[in-house]
2 protein chains.
Amino acid sequence: MRPKLTLKQIARELDVSVSTVSKALRDSVEISQETRQKIKAFAKLYNYKPNNIALSLKNRKSKTIGIILPEIVHDFFATVIGGIEEVANKRGYNAIICLSNNSFDREVMNMEMLANGSTDGFILSVAKETQQKEDYHHLKEVINQGMPVVLFDRIVEEINCDKVIIDDAAGAKKAVQHLLDTGCRKIALLTTVDYISVGKLRTQGYREALEQNGVAVQEELILKIEDVDHSEEEIIDFITSSDIDAVFAVNEQFGASAVKAILGKGLKVPEDVSVIGFSDGELSKRFIPALTSINQHGAEIGARAAELLIDRLEQPLEKEETYQTQIVETSLVKRDSTRKK
Amino acid sequence: MRPKLTLKQIARELDVSVSTVSKALRDSVEISQETRQKIKAFAKLYNYKPNNIALSLKNRKSKTIGIILPEIVHDFFATVIGGIEEVANKRGYNAIICLSNNSFDREVMNMEMLANGSTDGFILSVAKETQQKEDYHHLKEVINQGMPVVLFDRIVEEINCDKVIIDDAAGAKKAVQHLLDTGCRKIALLTTVDYISVGKLRTQGYREALEQNGVAVQEELILKIEDVDHSEEEIIDFITSSDIDAVFAVNEQFGASAVKAILGKGLKVPEDVSVIGFSDGELSKRFIPALTSINQHGAEIGARAAELLIDRLEQPLEKEETYQTQIVETSLVKRDSTRKK
DNA sequence: TTGTAGGCGTTATCAC
DNA sequence: GTGATAACGCCTACAA
């Protein structure tokens with residue numbers, strides 16, 4: 001076992017000073033060609049790599065961005081990570097991911113841990129529990145210490161920072177409009193409880209689309225799901241007892257359950273009932289029938305969030321605090337769970 | 001904006017020395033009750049948190065474990081992360097995740113970055129490309145430097161370290177046996193190319209099950225899929241032109257595509273053709289029909305890997321190098337894509 | 001051309 | 001009971 005090589009060891013080995021080694025490795029002209037060659041050869045031979053921790057401490061920056069996510073099983077978050085990593089790596093940063101599992105405490109813990117030097121800034125989507133409690137002291141704290149934060153997807157209006165969101169309401173409108181255009185009138189909405197920002201916005205888009213098309217909103221066609229773990233049962237009960245010709249679901253899981261409920265009722269998709277889900281992930285693509293859905297362009301969101309964050313990090317001085325909110329457009333992906341026009 | 005508080009600042013503020021502050025905060029009896037109180041109150045008031053980077057540098061350990069995964073869209077890896085985090089947090093460690101995206105270069109980059117002080121050890125599943133190239137110098141390097149590594153799922157036989165695997169071959173046998181027991185005889189296998197260790201093992205289990213039941217293996221019923229991105233087309237072509245009464249797929253995506261192909265052929269699942277997939281994720285659960293599958297117990301794998309790693313980290317001295325390979329048993333989850341006995 | 005000294009934030013050791 | 005000093009690994013003015 002050979003422990004990691006340090007400058008000091010190289011110096012001792014080659015009988016020069018530590019600073020000579022340091023300079024030589026950074027190709028400083030102060031050092032003679034000869035010594036430089038010798039030192040670099042030695043370092044290469046023994047595969048010297050500077051210690052990141054020491055560098056972070058010295059430079060007071062880690063060239064690392066922290067990503068904190070509520071969960072990871074959803075394709076959406078997985079694609080966002082991809083987008084972040086691509087930009088981050090291109091710009092010389094590394095990304096480390098922590099999960100809050102939708103728990104407020106874990107979110108706070110993770111942030112505190114990473115904020116203590118491990119990370120130069122954050123990209124995060126807040127936990128469900130955090131949105132419920134409306135306790136954002138950890139975000140404020142970090143921002144206050146001068147670490148930039150970029151929120152995405154599940155954002156917090158009242159926090160002053162850069163944000164990347166999708167046009168949730170517009171996306172929902174697009175979905176419902178498509179249902180209306182293909183002849184549906186009794187459109188059910190499967191959504192989350194209101195404290196989830198995106199659920200709320202998508203619900204709003206649903207309402208607007210109906211109203212603008214002169215279709216009355218029927219409150220009994222709206223199902224707000226609280227307990228995601230038992231969403232399927234709830235959805236099946238709801239759909240079995242409702243008279244509908246379409247379903248708009250705020251995520252693809254709910255969409256899949258809706259199809260199951262409809263088929264279970266002996267009806268056909270899309271002939272009798274059309275279905276659209278939000279989030280265009282694996283499930284939508286692989287499902288039978290493949291689900292028409294609203295694509296959130298996760299990679300794009302991640303990429304923009306990363307650009308925004310790194311821009312902030314590298315801006316020499318914080319000029320006028322003009323935080324941006326970038327909006328990524330969603331798009332409708334037509335598949336087999338809705339009718340042709 | 002108020003930058004992070006340091007010991008030095010507290011010391012200056014309270015007009016004591018840095019070491020006094022340090023000791024007071026760690027409740028050293030050397031310091032008088034009075035000063036201790038005062039300092040702790042101040043620290044609390046201004047929310048002092050020690051700088052992790054400095055601590056890491058000083059202690060030469062980070063209390064952090066690095067997780068490197070080939071991808072994240074698969075539920076399997078997501079559940080493994082959950083298992084790791086739970087154990088890690090319970091034992092006072094944090095976990096940071098990096099993705100290789102199945103690229104050799106990214107895997108190496110990520111390891112080198114994390115190995116430079118950010119992490120005390122690794123838990124990883126190697127990238128597809130790495131298994132193909134059979135280049136494991138980065139693993140050897142890190143182990144050589146005294147950092148423990150635990151491999152799981154896609155492991156490398158020739159690397160000497162702790163491992164956590166599932167009984168891939170036995171799991172596959174279990175699946176195929178179930179198909180045989182429910183009357184299937186012409187069982188197709190949808191697998192990956194051989195350099196993927198788990199694909200190879202599952203293929204082996206398939207063969208053994210057939211042989212032990214006196215059913216001849218028909219090579220033309222085995223499809224080795226190279227390009228996962230176009231797996232669906234390939235699977236549909238294959239199934240359309242094959243005479244089969246069952247499909248065993250080495251992952252749930254392939255299983256879902258198989259069902260689509262079968263239905264497309266005008267046959268029924270499971271009446272005409274049964275389907276079993278490996279990995280019991282969201283897709284299997286939500287699919288219609290819900291897929292019978294082999295559960296890999298990802299959380300259990302993660303938990304064991306973390307225990308193994310932390311044990312190594314905390315073992316005072318490395319006694320006799322007796323690396324373990326722990327095997328987590330899979331289980332068959334019967335759903336609606338296979339017949340009842 | 002090379003080396004010395006100081007500092008990033010922390011803690012352990014030893015001196016006062 | 002308190003403080004100065006050195007060290008973790010690295011970098012950079014400044015001195016020699």
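Chain A is the first sequence line, chain B the second, and so forth, proteins listed ahead of strands; every chain is numbered from 1. For the numbers below, each heavy atom of this structure counts, side chains included, while hydrogens, waters and symmetry mates do not.
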Undergrad: Reckon Arg26(A) has a side-chain N or O less than 4.0 Å from the OP1 or OP2 of dC10(D)?
TA: no
Undergrad: Could one point to a donor on the side chain of Lys23(A) or the base of dG3(C) with an acceptor on the other under 3.5 Å away?
TA: yes
Undergrad: Give the C-alpha distance, both sets of side-chain angles, the deciding distance and a yes or no for side chain to side chain contact (heavy atoms under 4.5 Å, CB included) between Asn94(B) and Lys63(B).
TA: CA-CA 6 Å; Asn94(B) 275 104; Lys63(B) 284 283 191 173; over 6 Å; no
Undergrad: Of the listed nucleotides (dT2(C), dT10(C), dG3(C)), which one gets closest to any side-chain atom of Thr35(A)?
TA: dT2(C)
Undergrad: With a 4.0 Å cutoff (strictly under), does any side-chain N or O of Thr6(A) reach OP1 or OP2 of dC8(D)?
TA: no
Undergrad: Identify the two heavy atoms, one from Ile68(B) and one from Ser100(B), that lie closest to each other, and give their separation to 0.1 Å.
TA: CG2-CB, 4.4 Å
Undergrad: What is the distance from CG of Asn59(A) to C1' of dC10(D), rounded to the nearest Å?
TA: 8 Å
Undergrad: When the distance from CG of Leu5(A) to P of dG9(D) is rounded to whole Å, what number comes out?
TA: 11 Å
Undergrad: Just compare dT10(C), dC14(C), dC14(D) and give me whichever is closest to any side-chain atom of Glu30(A).
TA: dC14(D)
Undergrad: dG9(D), OP1 or OP2 - any side-chain N/O from Tyr48(A) closer than 4.0 Å?
TA: no
Undergrad: Does OP1 or OP2 of dT2(D) have a side-chain N or O of Thr20(B) closer than 4.0 Å?
TA: no
Undergrad: Kindly say whether, by distance alone, the side chain of Ser19(A) makes a donor-acceptor pair under 3.5 Å with the base of dT4(C)?
TA: yes
Undergrad: Please pick, from dT12(D), dT10(C), dC10(D), the nucleotide with the shortest atom-to-atom distance to any side-chain atom of Pro50(A).
TA: dC10(D)
Undergrad: Go through dT2(C), dT11(C), dC10(D) for me and flag the one nearest to the Ser32(A) side chain.
TA: dT2(C)
Undergrad: For the pair made of CG in Asn116(A) and P in dC8(C), what is the distance, rounded to whole Å?
TA: 17 Å
